[in-house]
Amino acid sequence: MRYNTIVRIAILSTLLFILPCSSLYAGELNNHHVLVIYSSDSGEIDEHMRLLDLMIGHFTENIMFKSVTEVEKADLADKTHVFYYGQVHDKLPATIAPLITSFPGTVIALGLNSEQLGERYSFFTVKGNAEYNKIELTSNEEQSLSVYPRSVLVTSPKDDVEVLANVTNSPTESYPLFIKNQDNYYFASTALHDPLTIAFGDILHDVFQEEHEAVHPAYLRLEDVSPDSDPEQLMAIAKELKERDIPYMIALISVFTDPKNNKTYHLYDFPELVKVLQYMQANGASIVMHGYTHQFQKEAVSGEGFEFWDVDNDMPVYREPGEKMKEEKEFPSAEAHQAYLTNFEKNYIQNRINLGVQELANNGLYPLAFEAPHYTISQNGYRIVSEHFSHYAGQVQLSDKDWKIMSTSPYMSSPSFFHGMQLLTETLGYVIPNSANAIDNIMLEAEKQQMVRDGAITAFYHPFLGVEQLSVLLDELEKIPNLDWIDLKQSDAKVEANNVTITSENGVIQKEIDYVNMYREHPALLTAKLKNMVHASLWAFVSIGVGAILLFSFYIFKVVHRRNSRRGRRYLRRVA
């Protein structure tokens, strides 16, 4: 017992001595202040407003949402831009038109009810709907987007109105999509979805007068890497990416559960895999924490199950796996019930994040961003994740009512519902296994993204597909002009969990780890560390032993050889 205590103290002292301190994190500032006034079906912020939030979040983090029934004059006082999103037919309060008319900044209206916004919106009329199947930017008529037939509001702008984008359904039928009159804009669609986000996103640069450089941020994420992954395949991919000098991300799962044999495997059970991952981290890779187990229900396999969404009930995680959710009648009030659900989800997510970050750090792997498995997590979940991570990778769930309502922005963004996190948007999808057109489809999506002046070229790839398809994909992606591969370690990323703080800046990862308290909370991590150290020590002893045997054999060989040589010379002298 005493011996083990001495060993633990010695190890902790050594590790604490050799690990450096972290630097401070500084977020970006901006000058735009946006108010979004909305008319929605429920009167609440819904998925439509959140998608608009994603689009505006490319230009500013200062975004306020107000229902059209709640907005007051004071809400516009410090704003530079006001958006009105008429997602449903609505009778606007009489106060809205005077507020819009007297506002000195830029106004952008989307969808319905624009005729109630006052004199500033008298430069066009809306007359019904029409179908379209192509989108064109008037600034670049050579580029267009073909789409499935969709509906647009038909506008009749006055002669001096500038048309920024059109939609068409034939060579002779064209309708204005995005129009401008002085500092007033109108977007003629109630929906804001892909691929409308392409045209809308590019023109927002003109609305905010932000002429971002025409460079396409790019990243490749190796997805669902876990203790079940093949280290040889990973190493082959790592060498391919290193040879091309391409930084990349690894979406890493700490724990793999296999319900078939009822076993759980941790990364520390596979030191050879950890060694490969450490090599990748030191040679271009940044770690993205892809949940802790990538599964919720015990029957789900890691990498396939959901972790932060209860798919069976299509709601946030409000219960332990296998248990029934508590009903409202078990609580003294509806408020008490809701408070229980909210706290349960918070504790569940925080526990998983703390376990995941600590386990990765204990293996010498330092996550710089988070990605929810299958992108599913509630709005409250984003708030909780933002307390631990500064960066989030992937697509975004936009509704707490249906996990399938998700989308993303064509560029990097910091929407208000991310509470300070930066979205590392994912725009191209992934290489679908056994699909002959998988890479062609990705490149079609990449072509769309290039219509946005700084549209992101981002995709993910499953390492089990091998290095050959990856090489083909990289060959195609590298043909895209003005591609700028993202190295997450170059950003000011910050991750905080119990006993662990990780930061990055200018390509350097720094970490602060309180090993004493971490091992006190999770003794299994200390056991794993000691086990791996003993394993490494044994290999060192074996190597030393083999080396000693080889040296001894060489010595014996030299002695025997020298003695035989002397005998030979004496024999020759006697014969002579």
Side-chain angles (χ1 to χ4, degrees), residues 216-253 256 258 265 267 270-290 294 301-304 365 369 371 373-375 393-395 408 424-450 455-489:
H216 299 292
Y219 73 70
L220 182 75
R221 202 175 65 239
L222 303 180
E223 197 76 348
D224 293 336
V225 177
S226 77
D228 189 48
S229 297
D230 183 340
E232 291 186 5
Q233 282 184 325
L234 285 174
M235 182 56 86
I237 289 172
K239 289 182 176 178
E240 176 74 17
L241 288 161
K242 184 181 181 183
E243 186 175 337
R244 293 174 185 256
D245 196 23
I246 295 176
Y248 57 101
M249 302 178 193
I250 302 173
L252 187 55
I253 310 162
F256 183 87
D258 187 350
Y265 305 95
L267 276 176
F270 303 91
E272 187 62 30
L273 174 62
V274 171
K275 191 175 176 182
V276 170
L277 291 169
Q278 290 173 342
Y279 168 86
M280 298 170 84
Q281 182 178 242
N283 291 276
S286 294
I287 305 297
V288 175
M289 181 178 157
H290 193 27
H294 204 313
V301 180
S302 289
E304 297 178 8
L365 302 167
E371 177 198 355
H374 298 300
Y375 318 123
Q395 298 198 13
T408 194
L424 303 166
T425 187
E426 176 200 302
T427 58
L428 308 186
Y430 67 107
V431 177
I432 300 174
N434 304 317
S435 171
N437 301 318
I439 294 178
D440 291 339
N441 291 335
I442 285 178
M443 297 315 297
L444 286 175
E445 292 297 318
E447 191 175 335
K448 283 168 45 180
Q449 290 301 119
Q450 293 173 69
I457 307 293
T458 49
F460 69 87
Y461 184 84
H462 289 102
F464 64 76
L465 294 175
V467 73
E468 290 79 12
Q469 281 200 80
L470 178 66
S471 297
V472 176
L473 175 62
L474 293 174
D475 287 344
E476 295 301 316
L477 291 175
E478 289 188 305
K479 294 176 185 175
I480 296 175
N482 300 323
L483 208 65
D484 183 24
W485 293 103
I486 296 172
D487 184 350
L488 192 52
K489 291 197 284 285

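From a predicted model like this one, the values you see are computed outputs, not experimental measurements.
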Point-to-point distance, once rounded to the nearest 0.5 Å, from OG1 of Thr425 to CD of Gln395: 7.0 Å
Backbone of Ala456 reached by a side-chain donor or acceptor of Thr427 within 3.5 Å: yes
Test item: His290 and Val225 side chains (from C-beta on) under 4.5 Å apart, heavy atoms: no
Nearest-0.5 Å distance that lies between atom CD in Glu447 and atom CD1 in Ile457: 10.0 Å
Electrostatic pair Lys479:Glu476 at N-O distance under 4.0 angstrom: yes
Non-hydrogen side-chain atoms of Leu474 and Leu220 separated by less than 4.5 Å: yes
Separation between CG of Leu465 and CG of Leu470, rounded to the nearest 0.5 Å: 9.5 Å
Check: Leu488 and Leu424 side chains under 4.5 Å, non-hydrogen atoms: yes
Nearest atoms (heavy-atom pairs only) where Pro217 meets Gly455: CD-O, 3.8 Å
Expected output: side-chain Lys448 to main-chain Met443 donor-acceptor under 3.5 Å: no
Residues Glu243 and Lys239 bridged, charged N to O under 4.0 Å: no
Euclidean distance, Leu252 CG relative to Gln281 CD, rounded to 0.5 Å: 9.5 Å
Derivation and outcome, salt bridge (charged side-chain N to carboxylate O under 4.0 Å, His left out), residues Lys275 and Glu272: CA-CA 5 Å; Lys275 191 175 176 182; Glu272 187 62 30; 5.1 Å; no
Tyr279 side chain to Val274 backbone, donor-acceptor under 3.5 Å: no
4.5 Å side-chain heavy-atom contact, His294 and Asp224: yes
Donor-acceptor side-chain pairing of Ser302 and Ser226 below 3.5 angstrom: no
pair Met280-Leu222: side-chain heavy atoms closer than 4.5 Å: yes
Donor-acceptor pair between Ser471 and Glu240 side chains, under 3.5 angstrom: yes
Whether Tyr265 and Phe256 hold their rings parallel, tilted or perpendicular, with breakpoints at 30° and 60°: tilted
Worked verdict on Asp484 versus His216 for side-chain hydrogen bond (donor to acceptor under 3.5 Å, both in side chains): CA-CA 6 Å; Asp484 183 24; His216 299 292; over 6 Å; no
Side-chain touch Tyr430/Glu223, heavy atoms, less than 4.5 angstrom: no
Short side-chain to backbone donor-acceptor contact, Tyr248 and Asp487, under 3.5 Å: no
Side-chain heavy-atom pair Pro463, Asp230 within 4.5 angstrom cut-off: no
Any donor-acceptor N or O pair under 3.5 Å, side chains Glu426, Tyr375: yes
Value rounded to 0.5 Å, distance of CD1 in Ile250 from CZ in Arg221: 12.0 Å
Smallest separation among heavy atoms of Ile253 and Gly303, with atom names: CD1-CA, 4.2 Å
Side chain proximity check, Met249 to Glu371, heavy atoms < 4.5 angstrom: no
Spacing of CG belonging to Leu428 relative to CZ belonging to Phe460, to within rounding of 0.5 Å: 11.0 Å
Main-chain N/O of Ala446 paired to Gln450 side chain as donor or acceptor, under 3.5 Å: yes
